[in-house]
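Along the sequence shown, the residues carry numbers beginning at 1. Quick caveat, the model's predicted, so the values are computed rather than measured.
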Amino acid sequence: MSTPEGMTLGPYRVMERIGRGGMASVYRAYHPALDRYVAIKILPDFFADEPEYRERFQQEARSVARLKHPNILEIFDFGYEGGLAYLVLELVEGGTLADHVGKPMDLHEVVRLIEQLAAALDHAHANGILHRDIKPSNILIHKDGTPVLGDFGLAKMAGSLRRLTGSGTVMGTPEYMSPEQAADEPLTAASDVYSLAIVAYEMLTGRVPFEADTPAATLLSHVTKPMPATRELRGELSAHVEDVLRKALAKSPQDRYQTAAAFAAALKPAAWPNRRGDDLSGLVAPTRRVSRPDRIPVVLVVDDGPANRELIEACLADVDCQVRTAEDGAAALKAIQAWHPDLVLLDVQMPGMDGYEVCRRIKATPGSRLLPVVMITSLDDTSDRIHALEAGADDYMTKPVDRVELVARVRSALRLKGVYDSLDSAEHVIFALAAAVEAKDPYTEAHTQRVAESARRIGAGLGLSAPDQDALYRGGLIHDIGKIGIPDAILLKPGPLDARELATMRLHPTIGENIVAPLRSAAALLPIIRHHHEHYDGNGYPDRLAGTGIPRLARIIAVCDAFDALVNDRPYRARKTAEEALATLRAGARRQWDPEVIDVFVSDFGAVSRMGAA
């Protein structure tokens, strides 16, 4: 390859060389017509000289040029001139990742870079393009720190030169090749995920996991040797990070994360718990204990994986709670008796007694039946979720956990437990009945919880007192308790109700009021239960009250109840979008609902939706 400095390639004036790799050299160049600097990659002679490679080069260059992503190096042009094949690329002047590896990098920085590179890879995979040569020198860094992945398809263009040749040399970098790549087997997206995980391992530890004296020995290590321990990592999350890397570096492609984003998501929570100064106040409300103010809530984490227990404990570092752990179902049941926790975060897949059985035993015991249980599992099928809810679980999360979501759900569950603890024993039964009513209908999963949360938020927006806000929350939880007296055939009917069925359904507010009326502590809730189906124009039920004659708390619950019903599926209709539901509420102001409440709900909708209440 002749030195092209000072040459003109097409409209580009080649300047100095700025990089050199095993298969190409890169030069800074100037494009006068557009008055911009670009990078020109001069490819090996065979790309221009041999028809087979020339055709392949053209096909791959066109394919890669179609990739448009902020973390993929853009290809502007390609061509042949003077016996040279060249690519014209976006000029990135911040160096490459290779300038930063060699010593352990900060975990937060690693996660930031891997997350963006993963998005780029998945975009390429979705367009049918594999990279095949992910390594630090192919990851360029803009001056603002944004990473871009270059050299897509170049390894495929070189074809057979990626394999061991008769002379025993290797085109490419064996340290970053997947086992199937080393064995010259067909490649899938999982091969790129493996290579990205090698890069992540090197960023975190300062070294690649597999090295040997010869390229062949290095390739053999990828195929036969387990991933070395990440001894450079320290702290409570080291085991979690190592487990994530080990899965991404599994020998079999089927055992790895199937997308780069899944790998990044699994790694991402590890970087969050130790961050300082994170302001989550706009996303989650603080945990408030309604009773026992001198007692810190106890959260029991049950998982047979030590790394998972460490991760969840670290995620909850900023929550006002004490975290206890148990390694299996039997230990969890003993811990509940000994520590009386306020919340259980429960894994499903455990040896011996699985999470479903543990949950059933918790809910079957009188002293713990109102103890909130959140299932956290890698199972993500709808049948698994249904199984968990049938076992009595109050909520369900899938791994890898998102820290902000986990914190929000834990705080919400602890608030609910605080409400339970403030009730007398009879009121405990009432709330259990309300939960049983909701469990009868799969379409209303967590409906009352969402209504309660959003109603309290709207009450605060209207300037109501703390007792009224508490009444809204408690009333929201049990406003439909009267449905326990409605036959399932009516409650779950997948079509319109006839006149007799409708009359029966409309009895549930008075049935609910009669159930709750004997409780002295529930006096403030009775108007909510009885009147949440009254209409502002007087055409509701059961008493046809109108306007401000309808108790104010019932008017608030009516709006929150209606919105949640509109945006969720029902047996007789599909859900509406949030925008369609808000339009329905606006159209019904002064007719069905209090216009003042509608205005506050609409103006505060962003905050309500962020906390998952509506």
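Separating the CG atom in Asp304 from the CE atom in Met350 is a distance of 7.0 Å, to the nearest 0.5 Å. Residue Arg66 holds its CZ atom at 13.0 Å from CD1 of Ile72, rounded to the nearest 0.5 Å. If you take CD1 on Ile141 and OG1 on Thr96, they are separated by 7.5 Å, rounding to the nearest 0.5 Å. A distance of 10.5 Å separates CZ of Arg385 from CE of Met397, quoted to the nearest 0.5 Å. Atoms CG and NE2, on Asn127 and His125 in that order, are 10.5 Å from each other to the nearest 0.5 Å. Rounding to the nearest 0.5 angstrom, the gap separating the CG atom in Leu117 from the CG atom in Asp122 is 11.0 Å.
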side-chain contact (heavy atoms from CB on, under 4.5 Å) between Leu97 and Leu113, worked out: CA-CA 10 Å; Leu97 183 60; Leu113 293 171; 4.2 Å; yes

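Looking at every heavy atom in both residues, Leu121 comes nearest to Ala260 through CB-CB, 4.1 Å. Closest heavy-atom contact between Asp354 and Val348: CB-O, 3.4 Å. The minimum heavy-atom distance linking Tyr176 with Ser195 is given by the pair O-OG, 2.7 Å. For Asp255 against Ala250, the heavy-atom pair with the smallest separation is CB-CB, 3.7 Å. When all heavy atoms of Ala200 and Val110 are compared, the closest pair comes out as O-CG1, 4.5 Å. Residues Ala393 and Cys359 come closest through the heavy atom pair N-SG, 3.4 Å.
Taking a cutoff of 4.0 Å between a charged side-chain nitrogen and a carboxylate oxygen, Glu175 and Lys135 do not qualify as a salt bridge. Under 4.0 Å is where a charged nitrogen must lie from a carboxylate oxygen, and between Lys251 and Glu180 no such pair does. Salt bridge annotation for Arg309-Asp347: absent, with no cationic side-chain nitrogen under 4.0 angstrom from a carboxylate oxygen. Using a 4.0 Å cut-off between charged side-chain N and carboxylate O, Lys41 and Asp151 make a salt bridge.
Looking at Leu343 and Leu300, their side chains never come closer than 4.5 Å, going by heavy atoms from C-beta outward. The shortest side-chain heavy-atom distance between Glu90 and Val38 does not fall under the 4.5 Å cut-off.
With hydrogens and angles left out, the side-chain atoms of His142 and Asp144 include no donor and acceptor closer than 3.5 Å. Side chain to side chain, Ser412 and Glu453 meet the donor-acceptor criterion of an N or O pair below 3.5 Å. For the residue pair Asp77 / Tyr86, no side-chain donor-acceptor distance below 3.5 Å is found, with atom types taken as modelled. A donor-acceptor contact closer than 3.5 angstrom is absent between the side chains of Asp384 and Tyr396.
Taking the ring axis of Phe76 as reference, the NZ or CZ atom of Arg36 stays within 45° of it and closer than 6.0 Å to the ring centre. Judged by a 6.0 Å distance limit and a 45° cone about the ring axis, Lys225 is not positioned over the six-membered ring of Phe210.
Annotation: Arg207, atom CZ; neighbour count of heavy atoms from other residues, nucleotides and ligands within 6.0 Å is above 12. Atom NZ of Lys68 has more than 12 heavy atoms from other residues, nucleotides or ligands within 6.0 Å.
Ring geometry for Tyr356 versus His387: interplanar angle under 30°, hence parallel rather than tilted (30 to 60°).
His222 and Tyr194 have their aromatic ring centers within a separation under 6.0 angstrom.
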